[in-house]
Structure formats: structure tokens, C-alpha cells
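What you are looking at is a predicted structure, and each value in this text was computed from that prediction instead of being measured. Basis for what follows: all heavy atoms, side chains included, without hydrogens, waters or symmetry-related copies.
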There are 2 protein chains.
Amino acid sequence: MRIGELARRTGVSTRALRYYEEQNLLTAERSNSGQRHYPETAVARILLVRELFTAGLSSKIIAELTPCVIDGKATPELLDRLAVERGHIDQHIVDLTHTRSRLDSVIASASASMDTGTSCQPGPASTAPAQVSGVTLRGDQEAREGEG
Amino acid sequence: MRIGELARRTGVSTRALRYYEEQNLLTAERSNSGQRHYPETAVARILLVRELFTAGLSSKIIAELTPCVIDGKATPELLDRLAVERGHIDQHIVDLTHTRSRLDSVIASASASMDTGTSCQPGPASTAPAQVSGVTLRGDQEAREGEG
DNA sequence: CTTGCCTTTGACGTCAACGTCAAGTTTTAG
DNA sequence: CTAAAACTTGACGTTGACGTCAAAGGCAAG
């Protein structure tokens with residue numbers, strides 16, 4: 001199929017598809033006039049790529065990981081990479097869960113305050129003043145904690 | 001305290017702190033010479049802001065939500081806003097969990113392939129852990145569409 | 001006073017993941 | 001055939017959360 005149909009079937013713009021190709025997330029055969037032609041499997045591939053994007057992975061990372069996912073080539077470094085990314089996602093989930101709890105406290109207090117007419121201060125709330133670790137700060141730059 | 005100390009104590013750059021102020025995430029008193037002076041509570045406030053950023057909220061959203069979290073002012077619309085954002089976070093967690101599972105499958109397959117020396121393609125019939133959500137992880141580009 | 005770090009505002013740079021517009025070619029419909 | 005739709009590459013625009021100068025003024029020590 002050509003790029004337009006692929007775009008329609010995946011819900012991804014043609015611009016994005018060309019971008020993905022530019023980032024080596026996708027390959028395409030070319031007709032002799034230069035038009036891209038994709039196999040059926042491209043649909044699934046794009047959905048996978050989208051999913052990884054949604055998970056917060058960068059195109060660079062995805063490009064490095066997909067060889068394993070797609071072509072079945074796995075090196076120890078790649079495995080390591082996968083594990084690292086899994087860890088990032090894990091940490092992200094933890095952070096989100098934490099923030100959600102905090103939001104819950106806020107919502108509860110606010111609701112109560114609306115009922116009682118008092119101010120909605122939840123206090124220091126669930127845990128200690130969050131030492132939120134800088135999770136996905138670009139690069140491998142990690143936040144230093146209590147170091148001075 | 002002045003901006004430098006606040007930056008050191010929060011691990012946030014002075015540029016970011018000025019940016020936060022610009023975005024109304026933070027206020028500061030000024031000395032008669034124009035320098036910003038912050039109370040102790042600013043530290044906690046910044047950590048909260050950072051946490052919300054990490055949760056994926058934009059500065060605009062945070063600016064709209066913090067009045068409730070910080071000052072205890074809650075309107076019904078604000079409560080609604082909070083609920084909406086909570087929902088976003090929830091969905092984000094779901095997505096991340098989903099992707100993590102998928103990554104787990106990939107890692108398992110890849111590890112197995114490294115042990116057995118075979119390519120890390122999940123078999124078509126086996127336990128098939130790599131076929132999450134009906135999308136095949138084999139994205140092999142060899143398949144051609146019906147020509148002719 | 002001078003030295004030297006700290007702070008101020010202003011303004012341009014960056015990076016990612018595309019959007020959008022332009023101008024030309026190819027495919028398709030009639 | 002023509003006209004429209006789809007495709008091509010190229011290149012500049014956008015948004016968010018800052019980074020990075022630059023020029024100037026402030027503040028405590030010697």
C-alpha cells in the first residue's frame with residue numbers, strides 16, 4: 001500500500017510516517033518512480049512505534065530497540081538497553097502513582113472544604129516532602145539527592 | 001533566601017525558577033534593588049511543581065491547579081479540572097503498564113534467544129507472550145502485497 | 001575604594017515530533 | 001487526452017521548558 005492508505009489505517013499523518021522513516025523507525029520499498037510502498041505488516045509496526053512513543057521513548061531509543069523487536073537481532077547491549085528503558089517506565093509509573101495519590105488528597109480535601117466551607121489544606125499529606133528523583137531528565141544526568 | 005540558594009536547595013536552575021515565576025507557578029518578594037527573595041515554603045512549592053511536571057502536566061495546567069493545592073481556594077471548576085487531570089494521569093499509568101508488559105515480553109524472548117542462540121522471534125505457536133493486544137511483534141518487511 | 005560572586009532583564013538557541021506550505025512528479029478517474 | 005488526487009523532496013514554523021550568553025547593577029569582604 002502507499003503512504004496515504006497507511007496513514008489512514010494507522011491514524012498517523014503522512015508527515016509523521018516520513019519522519020519515522022527519516023528516524024529509521026520504518027523502511028519502505030520504492031516504486032521505480034520513487035513512491036513508497038508498504039507491506040501489511042507496516043500497520044502493526046507503526047502501532048508499536050506509536051505505543052513506544054506514548055510510553056515516552058524517544059525516536060532515537062526506539063530506533064535502537066526495534067531491531068530486536070522487529071528483526072530478532074538481540075545483543076547483550078540491546079538487552080541492557082531494553083532493561084534500562086523498562087526501568088525508566090517503571091520509575092515513571094511510580095512517580096505518576098505518587099502524584100496521583102497527592103492529587104487524590106487534594107481532591108478529597110477540596111471536596112470536603114466545599115462541603116464544610118473551610119479552606120482545603122491537606123497538610124504535608126501522605127509522605128515526606130517528596131524527594132522526587134529526576135526521572136527522565138534528558139540524558140543520563142541524574143539528580144543528586146541530599147548531597148552538598 | 002535569594003534565587004541562588006533556592007536553586008541549590010531544590011536542584012532547579014535559576015533560569016527555571018525565573019521561568020516558573022513567569023508562568024505564575026511561583027511568586028517572589030523583591031528587595032528594593034529588585035532582587036527576588038523567597039520564604040522557606042518556596043522549597044516545598046517548587047518540589048510540588050516539579051512533581052507535577054514529572055507527572056506530565058503543563059505549566060499552564062499547573063498554574064491553574066496550584067491555587068487550590070497551595071492557597072486552599074477551590075471552586076467547582078477547579079475540582080473538575082483536578083479530576084480531569086487525575087484521569088489523564090490514570091490513563092497514562094495504564095498506557096505505561098501496557099507498554100511495560102510488552103517490553104517484558106520482548107525482553108523475555110530476547111533473553112531466551114540469547115540462551116538458545118536462536119533469533120529472538122517469538123514462535124508462532126508457543127506460549128506466545130509477545131502477542132499482546134493482537135499486534136504481532138514480527139514486523140518483517142519481506143512480505144509483499146498482492147502484486148499483479 | 002576594588003574585587004568578585006550574585007543577581008537582574010533581554011533575547012536568541014535548542015530539541016523533539018511533527019505541521020504546513022511550496023513546487024514539482026505520478027497515479028488514477030473519466 | 002485532461003484534470004484531480006496522491007505522492008515526492010525541501011524547508012521553514014510551532015510548542016514547551018528551559019539553556020546560554022550578554023550587558024548591567026547589587027552586595028559583602030578586604
Open item on the list: Please tell me whether A:R2 and A:Q35 have a donor and an acceptor in their side chains that are separated by less than 3.5 angstrom.
Closed with: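 A:R2 vs A:Q35: donor-acceptor pair found between side chains.
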salt_bridge([X], [Y]) N-O dist < 4.0 Å:
{"X": "A:E29", "Y": "A:R36", "answer": "no"}
{"X": "B:R9", "Y": "B:E5", "answer": "yes"}
{"X": "A:R100", "Y": "B:E51", "answer": "no"}

Task: B:G4 versus B:T14, closest heavy-atom pair with distance - done: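 Between these two residues, the closest heavy atoms are CA-CG2, 4.4 Å.
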Task: Minimum heavy-atom distance A:Y38-A:L26, with the two atoms named - done: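 Nearest pair, atom of A:Y38 first, then A:L26: CE2-CD2, 4.0 Å.
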Open item on the list: Using modelled atom types and a 3.5 Å cut-off, is there a donor and acceptor pairing between side-chain atoms of A:R45 and backbone atoms of A:L25?
Closed with: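 Looks like yes, one N/O pair under 3.5 Å.
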Between [X] ([atom1]) and [N] ([atom2]), how many Å, whole number?
{"X": "A:Y19", "N": "C:dT20", "atom1": "OH", "atom2": "P", "value": "17 Å"}
{"X": "A:I3", "N": "D:dT8", "atom1": "CD1", "atom2": "C1'", "value": "10 Å"}
{"X": "A:I46", "N": "C:dA17", "atom1": "CD1", "atom2": "P", "value": "15 Å"}
{"X": "B:E5", "N": "C:dT7", "atom1": "CD", "atom2": "P", "value": "9 Å"}
{"X": "A:M1", "N": "D:dA6", "atom1": "CE", "atom2": "C1'", "value": "16 Å"}
{"X": "A:E21", "N": "C:dC18", "atom1": "CD", "atom2": "P", "value": "15 Å"}
{"X": "B:L57", "N": "D:dG16", "atom1": "CG", "atom2": "P", "value": "14 Å"}

Task: Side-chain touch A:L65/A:L52, heavy atoms, less than 4.5 angstrom - done: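 No, side chains not in contact.
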Open item on the list: Taking the minimum atom-to-atom distance to the side chain of B:R30, which one of C:dT9, C:dA17, D:dC7 wins?
Closed with: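 Among the listed nucleotides, the one closest to the side chain of B:R30 is C:dT9.
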Open item on the list: The side chain of A:R2 is closest to which nucleotide in this list: D:dC27, C:dT27, D:dG16?
Closed with: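 For A:R2, the side-chain atoms sit closest to C:dT27.
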TODO: Please work out which residues in residues 33-41 of chain B have a non-hydrogen atom less than 4.0 Å from an atom of DNA chain C and list them by number.
DONE: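 Those residues are B:G34, B:Q35, B:R36.
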Task: First of A:N32 and A:L17 reached from the 5' end of DNA chain C, by closest nucleotide - done: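 That would be A:L17.
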Task: Separation of B:T54 OG1 from A:H98 NE2 (nearest 0.5 Å) - done: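 Going from NE2 on A:H98 over to OG1 on B:T54, the span is 10.5 Å.
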- [ ] Can you measure from CD1 (B:I107) to CG (A:L82) and round to the nearest 0.5 angstrom?
- [x]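 Answer rounded to 0.5 Å: 5.0 Å.
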Tabulate protein N/O versus nucleotide N/O from nucleotides 11-13 of chain C, keeping only pairs under 3.5 Å, one per line.
none

TODO: Please test B:Q23 against B:K60 for side chain to side chain contact (heavy atoms under 4.5 Å, CB included), starting from the C-alpha separation and ending with a verdict.
DONE: CA-CA 7 Å; B:Q23 301 296 308; B:K60 182 161 172 266; over 6 Å; no
Task: Dot-bracket encoding per residue of DNA chain D, Watson-Crick/G-U cut-off under 3.5 Å, | denoting interstrand - done: ||||||||||||||||||||||||||||||
Distance test, side-chain N/O of [X] to OP1/OP2 of [N], below 4.0 Å:
{"X": "A:S59", "N": "C:dA17", "result": "yes"}
{"X": "A:Y20", "N": "C:dA17", "result": "no"}
{"X": "B:R18", "N": "D:dT20", "result": "no"}

- [ ] With heavy atoms under 4.0 Å as the rule, sort A:T14 into base, sugar-phosphate or nothing.
- [x]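 Nothing, no nucleic acid heavy atom in range.
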- [ ] With DNA chain D as reference, determine whether B:S31 or B:S58 sits nearer its 5' end, using the nearest nucleotide of each.
- [x]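 The 5'-side residue here is B:S58.
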Task: Residue pair B:F53, B:S58: steps toward the side chain to side chain contact (heavy atoms under 4.5 Å, CB included) verdict - done: CA-CA 6 Å; B:F53 268 121; B:S58 69; 6.0 Å; no
